[in-house]
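Notes for the one structure printed next.
Residue numbers begin at 1 in each chain, while the letters A, B, ... track the order of the sequences. This structure is a prediction, so every number in the text was calculated from the model and none was measured.
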Amino acid sequence: MHQARSDFLRVMVERGFLHQCTDFEGLDALAATNRVTAYIGFDATADSLHVGSLMQIMILRWLQKTGHKPIVLMGGGTTKIGDPSGRDEARQLLTEETIERNIAGIRRVFDRFLRFGDGPDDAIMVNNAEWLDELRYIPLLRDVGRHFSVNRMLTMDSVRLRLEREQPLSFLEFNYMVLQAYDFVELARRYGCRLQMGGSDQWGNIVMGIELGRRIADLELFGLTTPLITTSSGAKMGKTAQGAVWLNPERLSPYDYYQFWRNTEDPDVGRFLRLFTELPLDEIARLERLEGAEINEAKKILAFEATRLCHGDAAAQAAAETARRTFEEGALGADLPTLVITRAELAARVPLYALLQRTGLATSNSEARRLIQQGGARVNDTVVSDATATLGEESLTSEGVIKLSAGKKRHALVRVT
RNA sequence: GGAGGGGUGGCCGAGUGGCUAAAGGCAGCAGACUGUAAAUCUGCCCGCGUCAGCGUACGUAGGUUCGAAUCCUACCCCCUCCA
């Protein structure tokens, strides 16, 4: 489609990050000759981000790699109010301390992907609470509010779709786009930020920011969005059995993160390699041509590279090695989730279902029992289908552990002290 | 402020006094088939319990009944229309 002159936009196009851009040629010309400062906003509702945000993280990374300056904007101000979307009555308001902690956790994720500092192309993280907290209503209405047309706002997708579906839309939420537009202008003033990026659902908000910048500060700003990413079977990406696929190791171990990518559906492999690894495009083209069982090689590379970016080389090696030993040799991998119990407890015999529950392979004893009855539970790779079975010291392997499995893919170890 | 409609299991959504731990769908788990993929078929899917047992559950709190998700009262929340 587009021929980009700038490294940054060329990467965006070639690797599939670009969905829409407000002025492709203009931005391209700017990025080809100047260092561009760009930002993406993130909520501070959890202490980590999940793969749903990974595209956004990757474009900030590419931005930096191609010589530009990324700003990570934390929505500390907006989070304080609480996102009013949906019909969910129990949205608890986050306290200031929680938000602080969340921002700190998210910062650790970004530290893996970006280089922060004071240099011209070092990334910075800023919190919109810095300016939103101090806004005064009347001045805001006079200076900013008068540039927004309600008629226009009502036609924006985010609002229109809600109204058409007769779903509630609070005034607070209606104002989100005003605040977000204001953020962009504030970042432009403070840091010379010229570009806002985001998911395709942010298009309307981004455009509002650009218009506001032109009206109140005579700024020429740009916007760029990424496509909404789903798996080829249509599922929203980033959900798994246990919940969201988190990017920090306290929430999801590097091994599980590796497994998430390892289990990518065939048709997604090429696309994911382009988006979530930094392998050269010709190498990716080669990998995605693999067919049948051979595509598993490509999935291993995807899993390894994606894990490396997020958790570092050592963790990725360990995860890959554990996966290899567990799946290809049927042996034990050191990285598997491990439960430690005392030798005395084991000697007194422990029900299998209890161990399954305690290792996290089942969420309750009932679920563990069902698992056993359905033939999905294995002890040291032998199926055990008696729901009343107990384990004792005889189950310890020569390595001094018990390997428990739930189905073919989920494994855990029990060790004694 | 007035009138009407509604709050059911992770989500959607049936259910108007016992047969309801609650139809159906989605999501999820396991088995079969495979390539740690997809699709398909089968079983499971509140908790505790070595079965058929018990405990909780249909917005919240009470009440009526031998018996309530279903009836009554109060409260909370949501939606629509009117003012």
Within the 4.0 Å heavy-atom criterion, would you say [X] contacts the bases, only the backbone, or no part of the nucleic acid?
{"X": "A/Y353", "answer": "sugar-phosphate"}
{"X": "A/N296", "answer": "base"}
{"X": "A/E294", "answer": "nothing"}
{"X": "A/A323", "answer": "base"}

Would a distance-only check, ignoring hydrogens and angles, find a side-chain to backbone donor-acceptor pair under 3.5 Å from [X] to [Y]?
{"X": "A/S53", "Y": "A/Q56", "answer": "no"}
{"X": "A/N380", "Y": "A/S395", "answer": "yes"}
{"X": "A/K299", "Y": "A/T264", "answer": "yes"}

What integer distance in Å separates [X]:[atom1] from [N]:[atom2]?
{"X": "A/D266", "N": "B/G35", "atom1": "CG", "atom2": "C1'", "result": "8 Å"}
{"X": "A/R369", "N": "B/A30", "atom1": "CZ", "atom2": "P", "result": "19 Å"}
{"X": "A/F260", "N": "B/A37", "atom1": "CZ", "atom2": "C1'", "result": "13 Å"}
{"X": "A/E291", "N": "B/A37", "atom1": "CD", "atom2": "P", "result": "18 Å"}
{"X": "A/Y258", "N": "B/U36", "atom1": "OH", "atom2": "P", "result": "13 Å"}
{"X": "A/N263", "N": "B/U34", "atom1": "CG", "atom2": "C1'", "result": "13 Å"}

Q.
Only pairs with both distances under 3.5 Å count, Watson-Crick or wobble alike; so what is the partner of B/C41 in this structure?
A.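 B/G31 is the nucleotide pairing with B/C41.
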Using a cut-off of less than 4.0 Å, is there contact between a side-chain N or O of [X] and OP1 or OP2 of [N]?
{"X": "A/R410", "N": "B/A30", "answer": "yes"}
{"X": "A/K408", "N": "B/A32", "answer": "yes"}
{"X": "A/K409", "N": "B/A37", "answer": "yes"}
{"X": "A/T264", "N": "B/A37", "answer": "no"}

Q: Please figure out whether A/L371 or A/A293 has its closest RNA chain B nucleotide nearer the 5' end.
A: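 Counting from the 5' end, the first nearest nucleotide belongs to A/L371.
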Q. Do the ring centers of A/Y257 and A/W246 come within less than 6.0 Å of each other?
A.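 No: the rings miss the under 6.0 Å criterion.
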Q: Among the candidates B/U36, B/A30, B/G35, find the nucleotide nearest to the side-chain atoms of A/K299.
A: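 Of the candidates, B/G35 comes closest.
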(Q) Regarding A/R190 and A/E130, does a basic nitrogen lie under 4.0 Å from an acidic carboxylate oxygen? (A)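 Here A/R190 pairs with A/E130 in a salt bridge, since their nearest N and O are under 4.0 Å apart.
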Q) Does A/R61 make a cation-pi contact with A/F113, if we ask for NZ or CZ under 6.0 Å from the ring centre and within 45° of the axis? A)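 Because its charged atom misses either the 6.0 Å distance or the 45° angle limit, A/R61 does not stack over A/F113.
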Q: Measure distances between side-chain N and O atoms of A/N365 and base N and O atoms of B/G47, and say whether any donor-acceptor pair falls under 3.5 Å.
A: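 Per atom types, no contact qualifies.
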If you restrict it to nitrogen or oxygen atoms, what contacts under 3.5 Å exist between nucleotides 43-46 of chain B and the protein, and what is each distance?
{"from": "B/G43", "atom 1": "N2", "to": "A/Q374", "atom 2": "OE1", "distance (Å)": "3.0"}
{"from": "B/G43", "atom 1": "N2", "to": "A/Q374", "atom 2": "NE2", "distance (Å)": "3.3"}
{"from": "B/G43", "atom 1": "N3", "to": "A/Q374", "atom 2": "OE1", "distance (Å)": "2.9"}
{"from": "B/C44", "atom 1": "O4'", "to": "A/Q374", "atom 2": "OE1", "distance (Å)": "3.4"}

